[in-house]
Amino acid sequence: MHRHARTPRTLGAGIAAVLSLAALASYAAPTAAADTAPAQAPGDPVPGVVAGQDTAAPQLVTGLADPAPGAPADAARAHLAAHRDRYRVDPAQLAEAGTESSPDGRRTVRFQQNEGGVPVLGAQYLVHLAGDGAAQHVESVGGRYFTGLTAPTTPTVPDELLRTAALGALPDAARAKATATDAGLVILPDGAGKLTRHYTVRGADADGTPLTRDVYVDATAGVVALAHDARTPSTATARPEAVAPPAAAPDPAPATVTPATGTAPDVHGKSVNVNIARQADGSYQFTDLTRPAAITTYDAAGRDVDDFGRIPADAHPASSPTPDFPAATGTDGATDAHVNAGIVYDFYRDRLGRLGLDGKNGPIVSVVDVTAGGRAFPNAYWDGSKMIYGGGNDTYYPFSAALDVSAHEMTHGVIANSANFAYLGQSGAMDEGLADYFGNAVEVTARGIAMNDPRAALLGEGLCRTGTPQACATRRLDDHRTTVDTYVGASLASDNAGVHLNSTIFSGALWDIRRTLDPLTADRVVYRALTEYMTPLDDFVAGRNAVLAAGRATGLTRAQLRTVADAFDAHGIKAGWQHKLGLDSRVLLGGITSTMAAPVVADGHWVMLANTDATRKNTALYTGTVTGGATPVRLSPDDGRYHSWAATDGTNAAWLAVGKDAQGVFGFELLSAPLTGAGPVRSVYRSTNQQPGNIRTAGGDIVYTLRDFATDTTRIHVVHADGSPETVIPLPAGHQAAGLDLNGGALAWTEGWTAGQDYVTAPTVYSLAEGKVTAQYVPADPKNLADSAHLAGGRVLWVQAPATGRATIRSGALDGSGVTDLLPAGSTAPEPAGLTVSDRAVTYVTRTGRVNDNWTNAQTAKLWQLPLTGGTPERVSCDRGSQDAPAADRGTRVVWLDATAGRTDLVTRERPAGAQCASESAPR
């Protein structure tokens with residue numbers, strides 16, 4: 001349910017930007033050889049062939065009638081082998097992941113792509129069969145299969161280092177008791193591929209709120225390649241592609257002897273009939289044995305949610321000495337959870353032919369009345385093997401009170417056992433959208449609510465103790481949202497790139513289909529699309545194609561298929577919708593996928609770790625001009641190491657390489673090279689155990705920090721371009737330096753140290769000519785934190801964040817003689833969260849965050865600019881979505897990472913858009 005969608009945490013040291021995995025499968029669309037694939041008939045809303053994205057393998061081929069006798073998996077594999085020119089798929093790289101049989105006798109064989117025995121994240125290819133015996137034939141084929149992968153399959157970094165890096169994906173406060181569960185090797189289909197080890201990392205915030213992240217650590221470099229919040233707040237199922245099964249639910253009732261019926265109060269105090277079980281000792285518990293899938297409901301009675309990753313040995317199902325259960329069973333939410341589980345099971349079995357959430361009549365387990373860190377937990381979620389419900393609070397009933405919420409979360413169990421979407425970006429929004437759809441479909445069907453009833457489209461409207469259903473609903477499927485008008489361009493730092501924020505764009509289209517077609521027919525088509533046509537990395541357009549293909553396989557008429565297509569059209573879900581957003585920034589690189597990507601820029605040249613449409617074959621450091629046009633130039637050598645954390649002065653670049661060198665020794669090396677890409681790559685510093693940080697370069701000089709953890713000391717090193725001896729600046733023991741800047745013979749950094757109970761941060765200036773600190777701006781109140789120190793215009797500038805009140809941009813003289821605020825007290829200008837400076841301007845990013853539990857594009861990160869001497873800030877760009885990782889160039893020019901278009905691009909503007917951004921809602 002995730003009513004309160006948390007903002008994902010930072011990914012640890014060195015990671016400046018987090019981008020959507022959905023971009024791993026976006027935009028580029030090489031056309032596969034047609035072979036004998038059918039052409040699309042004129043006016044047919046179902047595509048005949050959909051080209052693959054970032055692959056030569058087609059995403060969908062429909063309208064086939066190729067004979068394929070034999071066992072389904074064997075027949076499917078033989079068909080792919082016989083038509084390799086059509087599909088560009090190597091059957092030897094496919095592992096059977098299961099066969100789904102539909103009620104009408106069709107069969108779908110799902111294959112998982114492997115490279116050298118290592119699964120490829122989200123890469124599944126499906127073959128659809130109809131007929132029996134000698135009449136069996138292939139009707140359609142499609143999915144995600146990535147051609148051209150050349151990633152290694154053997155890790156070169158020790159497991160312990162990989163685990164340590166994974167734990168770094170949690171904030172510092174959450175690491176004390178954090179765990180990292182190894183879910184196996186996985187290849188990220190990022191360009192040529194990246195070998196990673198997948199960890200499920202669990203910890204807790206300072207307030208006890210559980211944190212769970214899926215973290216993929218580069219197994220050849222030891223750095224995080226991808227990290228995002230998992231589907232659930234406290235536990236996570238390993239993805240099938242990671243070859244680790246979900247945590248098994250416990251035996252629901254080892255001592256159960258006899259099915260029975262009884263009564264129990266629901267959350268409103270109404271007595272309802274319940275299916276229960278009589279124990280050997282004569283007592284009764286909430287175990288329903290009337291269905292092939294045993295349904296068991298545990299009452300946590302206020303225990304912490306973190307205790308229920310697995311059912312503890314001392315936890316028991318809700319019980320009673322008689323078949324009439326006490327009032328606490330209702331107030332804790334156990335009755336509603338137990339009854340709702342049966343309703344959801346019946347819906348999927350009787351209406352869609354599915355045998356339980358896993359399709360195999362596996363046990364259905366619920367846990368109710370959990371808390372988090374000693375506080376109420378107003379939420380609900382599917383944890384990979386069971387349902388977890390919070391007990392509510394003064395505002396909300398226990399979260400099992402709403403049937404649509406129960407059905408929504410249990411549908412996540414169905415999804416995890418079928419399409420198993422990657423939970424971020426558009427694929428994650430489809431995960432939520434399909435759960436929205438079936439959550440409401442279960443409720444309106446079970447309650448007999450008409451589709452035109454105002455309550456039908458509301459999700460969670462029954463959770464609130466007071467107020468109207470419309471005010472209480474967490475989402476509504478009739479909000480009429482569209483991609484072009486209201487898609488929230490969120491980075492991964494906001495709701496996993498919008499998994500909840502954009503779900504109703506997709507579920508709204510599905511709900512319109514249900515209101516237009518017969519509801520039973522719509523349910524069957526959408527379910528068939530989910531289980532037989534969708535794959536983990538699908539985006540909205542792939543979801544549209546899947547529903548249309550499922551509709552044709554179900555037997556919809558052409559008019560009905562046109563109705564389905566019209567519903568998607570009405571919500572803007574059609575090919576190329578991203579190009580209609582009217583961006584006012586100029587794209588330098590499109591479809592950036594690396595989680596380590598953050599641009600640096602100087603003198604009209606950018607440098608960045610890139611794996612994009614323009615540089616698809618490699619993940620490496622590239623450089624290009626801010627004017628664009630020319631093909632980006634690769635800077636980093638192809639030596640198997642990870643190259644990132646770059647700096648540039650517009651002529652040269654400096655960066656860090658991590659991994660094993662040519663002699664097989666793991667270590668860290670600071671490198672430098674000219675931006676032409678034609679000069680030699682120079683080694684500046686190397687070590688097997690000390691990692692350079694805060695790398696900067698100016699005029700050929702290179703500065704960096706080294707921290708000795710054994711002695712808790714930090715040194716700043718200055719490598720001079722003229723070959724003079726290196727300058728080493730030691731900081732006092734216990735002091736750290738962050739965010740070095742180098743300009744005009746001066747160094748600046750933010751120095752931090754512990755003083756009593758406080759951690760002090762102070763912008764610091766050092767003169768290279770004088771060999772001493774010339775200014776250190778220590779705050780009068782140590783709770784006022786400084787960040788982002790930069791040098792420009794003969795002054796040092798930084799963000800000052802007071803303990804209370806608004807943050808400001810502060811400017812100080814290099815000799816410590818004076819301080820001014822560029823955003824004076826009482827300013828109503830947007831509050832800064834980080835900045836970058838040029839010779840003329842200060843550009844800063846704002847992070848408003850959600851308002852009233854909702855996000856819009858207006859609340860995502862935005863860029864503002866003002867003169868170096870102060871003034872009125874202006875919007876840099878009117879692009880609606882998230883604008884992150886800004887880097888200032890000369891004058892007013894800025895480059896940044898922009899997530900407006902449903903993917904992340906490197907973009908630029910020459911000057912602020914200013915007053916042009918008067919209307920946030922109007923597409924541009």
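If you read the sequence from its start, that first residue is 1, and numbering goes on from there. These figures come from a predicted structure and were not determined experimentally.
- Here L501 contributes atom CG and T486 contributes atom OG1; the two are 11.0 Å apart, rounded to the nearest 0.5 Å.
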Check the pair T892 / R840 against side chain to side chain contact (heavy atoms under 4.5 Å, CB included), numbers first and verdict last.
CA-CA 7 Å; T892 57; R840 286 176 44 194; 3.9 Å; yes

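- For the pair L589/P632, a side-chain contact is recorded, criterion being any heavy-atom separation below 4.5 Å from C-beta on.
- Judged purely by atom type and a 3.5 angstrom limit, S687 has no side-chain atom pairing as donor or acceptor with the backbone of F668.
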Scan the side chains in residues 692-702 for donor-acceptor partners under 3.5 Å anywhere in the protein, sequence neighbours excluded, and list what turns up.
{"residue": "N694", "atom": "OD1", "partner": "G739", "partner atom": "N", "Å": "2.9"}
{"residue": "N694", "atom": "ND2", "partner": "T705", "partner atom": "OG1", "Å": "3.0"}
{"residue": "N694", "atom": "ND2", "partner": "A737", "partner atom": "O", "Å": "3.2"}
{"residue": "R696", "atom": "NE", "partner": "L740", "partner atom": "O", "Å": "2.7"}
{"residue": "T697", "atom": "OG1", "partner": "D701", "partner atom": "O", "Å": "2.8"}
{"residue": "D701", "atom": "OD1", "partner": "A721", "partner atom": "N", "Å": "2.7"}

One pair to check against side chain to side chain contact (heavy atoms under 4.5 Å, CB included): V658 and W645. What are the steps and the verdict?
CA-CA 10 Å; V658 182; W645 300 283; 3.8 Å; yes

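- To the nearest 0.5 Å, atoms CG (L797) and CG (L868) are separated by 5.5 Å.
- For the atom pair NZ of K660 and CG of D639, the computed distance is 14.0 Å after rounding to the nearest 0.5 Å.
- Looking only at atom types and distance, the side chain of N857 has no donor-acceptor partner in the side chain of T860 under 3.5 Å away.
- For the pair I573 and F540, the tightest heavy-atom approach, listed with the atom from each and the gap, is CG2-O, 3.4 Å.
- S882 places no side-chain N or O within 3.5 Å of a backbone atom of A490 that could act as its donor or acceptor partner.
- The aromatic rings of Y704 and Y685 sit tilted, their planes meeting at an angle between 30° and 60°.
- Checking each of L670, L621, V684 against W655 for a side-chain contact (heavy atoms from CB on, under 4.5 Å) leaves exactly one that passes, namely L621.
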Derivation of the side chain to side chain donor-acceptor pair (under 3.5 Å) call for R795 and S811
CA-CA 7 Å; R795 297 180 70 82; S811 171; 2.6 Å; yes

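- No side-chain donor-acceptor contact under 3.5 Å links E669 to the backbone of A657.
- E874 places none of its side-chain heavy atoms less than 4.5 Å from the side chain of C917.
- Looking only at atom types and distance, the side chain of T836 has no donor-acceptor partner in the side chain of H790 under 3.5 Å away.
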Kindly indicate, with the supporting measurements, whether the criterion side chain to side chain contact (heavy atoms under 4.5 Å, CB included) is fulfilled by L226 and K194.
CA-CA 10 Å; L226 174 70; K194 188 187 305 299; over 6 Å; no

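- Of the listed residues (T220, T156, V157), just one forms a side-chain contact (heavy atoms from CB on, under 4.5 Å) with F666, and that residue is V157.
- Using a distance-only test at 3.5 Å, with no hydrogens or angles considered, a donor-acceptor pair links the side chain of R634 to the main chain of S636.
- Residues T846 and Y844 come closest through the heavy atom pair CG2-CE1, 3.5 Å.
- No side-chain donor-acceptor contact under 3.5 Å links E726 to the backbone of H717.
- When all heavy atoms are compared, the tightest approach of A166 to V215 is CA-CG1, 3.8 Å.
- Annotation: the span from T196 atom OG1 to I187 atom CD1 amounts to 8.5 Å, rounded to 0.5 Å.
- Closest non-hydrogen pair, A899 versus S491, comes out as CB-N, 4.1 Å.
- Between Y423 atom OH and D214 atom CG the span is 11.5 Å, to the nearest 0.5 Å.
- At least one side-chain heavy atom of P189 sits under 4.5 Å from a side-chain heavy atom of L121.
- With a 4.5 Å cut-off on side-chain heavy atoms, P830 and K862 do not count as touching.
- Here the options are R909, R911, R880, the test is salt bridge (Lys or Arg N to Asp or Glu O under 4.0 Å), and the partner is D584; only R909 passes.
- Remark: the backbone N or O of D905 is not paired with any side-chain donor or acceptor of D898 at under 3.5 angstrom.
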Going through the checks in order, is the side chain to side chain contact (heavy atoms under 4.5 Å, CB included) test met by K574 and K580?
CA-CA 11 Å; K574 47 188 169 182; K580 299 178 181 179; 3.9 Å; yes

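- Looking only at side-chain heavy atoms (C-beta outward), S877 and W896 come within less than 4.5 Å of each other.
- Nearest heavy-atom pair across A620 and Y622 is O-CD1, 3.3 Å.
- Formation of a donor-acceptor pair under 3.5 Å by the Q883 side chain with backbone atoms of L863 is found in this model.
- Atom CZ of R213 is separated from atom CG of D229 by 4.5 Å, given to the nearest 0.5 angstrom.
- Screening L897, V601, L635, V600 against M608 for a side-chain contact (heavy atoms from CB on, under 4.5 Å) leaves a single residue, L897.
- Under the 4.0 Å criterion applied to side-chain N and carboxylate O atoms, R847 and D884 are assigned as salt-bridge partners.
- The shortest side-chain heavy-atom distance between V626 and V895 falls under the 4.5 Å cut-off.
- In plain terms, the two heavy atoms of D603 and G650 that are nearest each other are CB-CA, 3.9 Å.
- Looking only at distances, no side-chain donor or acceptor of R641 sits under 3.5 Å from a matching main-chain atom of L656.
- The backbone N or O of H605 lies less than 3.5 Å from no partner atom in the side chain of T625, so there is not a single donor-acceptor pair.
- Between the side chain of T843 and the main chain of A888, no donor-acceptor pair closer than 3.5 Å is present.
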Which atom pairs, one a donor and one an acceptor, fall under 3.5 Å between side chains of residues 742-750 and the rest of the protein, sequence neighbours left out?
{"residue": "N743", "atom": "ND2", "partner": "L791", "partner atom": "O", "Å": "3.4"}
{"residue": "W749", "atom": "NE1", "partner": "E751", "partner atom": "OE1", "Å": "2.9"}

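- Between Y216 and H198, the ring-plane angle classifies as parallel under the 30° and 60° cut-offs.
- Side-chain contact, Q916 with R875: no donor N or O sits under 3.5 Å from an acceptor N or O.
- Side-chain atoms of Q113 and R144, non-hydrogen and from C-beta on, never get closer than 4.5 Å to each other.
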